[in-house]
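Below is one structure, written out as structure tokens, with a few remarks after it.
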Amino acid sequence: MLPMNDVLGYHGRNVIVTGAASGMGSACAAILHDLGARVIGLDINEAGSNVDVYTRVDLRDTDSIAAAANTIAAPIHALFSCAGLPGPPFSDIDVMLVNFVGARQLIEALVPKMPGGSAIAWIASMGGLGWQEQLSNLLPFVQTPDFATGRSWCESHPDVIGPSAYAFSKQAINAWVAWRSYSLVRDGIRLNCLNPGPTDTPMMPYFEDGMGKDFMDNFPRPIGRNASPEEQAWPLVMLNSPRCSYVAGEAFHVDGGFLAAMTTGQLDFSALATADPTPEGPG
Ligand SMILES: NC(=O)c1ccc[n+]([C@@H]2O[C@H](COP(=O)([O-])OP(=O)(O)OC[C@H]3O[C@@H](n4cnc5c(N)ncnc54)[C@H](O)[C@@H]3O)[C@@H](O)[C@H]2O)c1
């Protein structure tokens, strides 16, 4: 039974946060630190004082991922996979490696150090909406066994990944979580993902450059604004808490009501008609 003075059950727990140097990952690390966890932050850039230990990792590089995973001792109670790239100006292959192939290698390398009752939460995006209709393309990719085969699948399927590697990488996260959560939960490890709507982090200017400021400004937001990084980090912290002990294989939409309003036909996209349309939407 968790005491109410450790309401989310993180006190004294070992947690890993990738992308801890910036945005949602940094917000997540700060919250976990304040909740009494021992935070190991992984990023290509140095993380700040919200982590107890910083370990450099380049998620494009299989050796770097293996080396980082080797430095981390068991037990790991919660893993937050927050690192990501936005799309252009980064290459499609770098986007696929950082957002899916490398992140998945890191997760799989750490799973053997995670005891029953632990949990993994991975940030995807509302940019991955519609992944269920893409399963015939996504399942062969997400079931590739390792970094090398995942990378080679990306290199040999540029037409499937296009027109947006960002959207495809985020669909892949949703598909992998749906597929892999079944085997993990039988070992007592919960796996879920978060699909954020547009969020004010250092990534946002890349979306504005890539899709056009008008497109981003006119994109319907039922709640009337972007999220803050903390408004994404708290639901992520909740997902990995033992308080969510029956939540597994879930895609949690933290989008200010966007998906619900879109599904029920209440959103007006006409203002986007003059803007440059993209298939995935912002974020
Ligand atoms: N900002 C949004 O509107 C939005 C919306 C939906 C989803 N997301 C997703 O949320 C996650 C967090 O993004 P953010 O908005 O906080 O952006 P951010 O740019 O602030 O943070 C991304 C982090 O990933 C790290 N990173 C980049 N390349 C790396 C590499 N090769 N190896 C290791 N780390 C690397 C960066 O150093 C940075 O700390 C990402 O997966 C992003 O795709 C963002």
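First listed ligand is number 1; within each ligand, the first listed atom is number 1. Here the structure is a predicted model, which is why all the values come from computation and not from measurement. Sequence positions, counted from 1, serve as the residue numbers for this chain.
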Going by distance only, is there an N or O of Gly84 that falls short of 3.5 Å from an N or O of ligand 1? yes
With a 4.5 Å limit on heavy-atom distance, are the side chains of Asp6 and Pro3 in contact? yes
Has ligand 1 got any nitrogen or oxygen that is less than 3.5 angstrom from a nitrogen or oxygen of Met24? yes
Should Lys170 be listed as contacting ligand 1, given a heavy-atom distance under 4.0 Å as the test? yes
Heavy-atom contacts with Ala21 under 4.0 Å: which atoms of ligand 1 show up? List them by number with element. 39 (O)
More than 12 heavy atoms of other residues, nucleotides or ligands under 6.0 Å from CZ of Arg225: is that the case? yes
If we only consider heavy atoms of Ala124, is any one of them less than 4.0 Å away from an atom in ligand 1? yes
Looking at ligand 1, does any of its N/O atoms fall within less than 3.5 Å of an N/O of Asn99? no
What's the shortest heavy-atom distance between Leu129 and Gln171, and which atoms? O-NE2, 3.5 Å
Where does the angle between the aromatic ring planes of Phe258 and Phe219 fall among parallel (under 30°), tilted (30 to 60°) and perpendicular (over 60°)? parallel
Ligand-residue contact atoms, ligand 1 with Val57, heavy atoms, under 4.0 Å: 32 (N), 33 (C)
Atoms of ligand 1 close to Ala83 [distance to a heavy atom under 4.0 angstrom, numbered from 1]: 24 (O), 34 (N), 41 (O)
Out of all atoms in ligand 1, which are within 4.0 Å of some heavy atom of Leu85? Include the element for each. 27 (C), 28 (N)
In terms of relative ring orientation, are Trp176 and Trp122 parallel, tilted or perpendicular, with 30° and 60° separating the classes? perpendicular
What one should report as the nearest heavy-atom pair of Pro75 and Asn14 is O-ND2, 2.9 Å
Can you confirm if the aromatic rings of Tyr166 and Phe207 lie within a centre distance of less than 6.0 Å? yes
Taking only non-hydrogen atoms of Gly23 and a 4.0 Å limit, the atoms of ligand 1 in range are 16 (O), 20 (O)
What do you reckon, does Ala27 put a non-hydrogen atom under 4.0 Å from ligand 1? no
Please indicate whether any nitrogen or oxygen in Met204 is less than 3.5 Å from any nitrogen or oxygen in ligand 1. no
Heavy atom of Phe207, distance to ligand 1 below 4.0 Å: yes
So is Pro202 in contact with ligand 1, going by heavy-atom distances below 4.0 Å? yes
Shared ILVMFWY cluster between Phe215 and Met204, side chains joined below 4.5 angstrom? yes
Taking 4.0 Å as the limit for heavy-atom contacts, which would you say applies to Ile44 with ligand 1: side chain only, backbone only, both, or neither? both
Please state which part of Cys82 comes within less than 4.0 Å of ligand 1, counting heavy atoms only: side chain, backbone, both or neither. backbone
Applying a heavy-atom cut-off of 4.0 Å, say which part of Leu59 lies close to ligand 1: side chain, backbone, both or neither. both
For a side chain to side chain contact (heavy atoms under 4.5 Å, CB included) check, start with the C-alpha distance between Tyr206 and Phe90, then their side-chain angles and the critical distance, and finish with the verdict. CA-CA 10 Å; Tyr206 288 101; Phe90 303 96; 3.9 Å; yes
By number and element, which atoms of ligand 1 are closer than 4.0 Å to a non-hydrogen atom of Pro198? 3 (O)
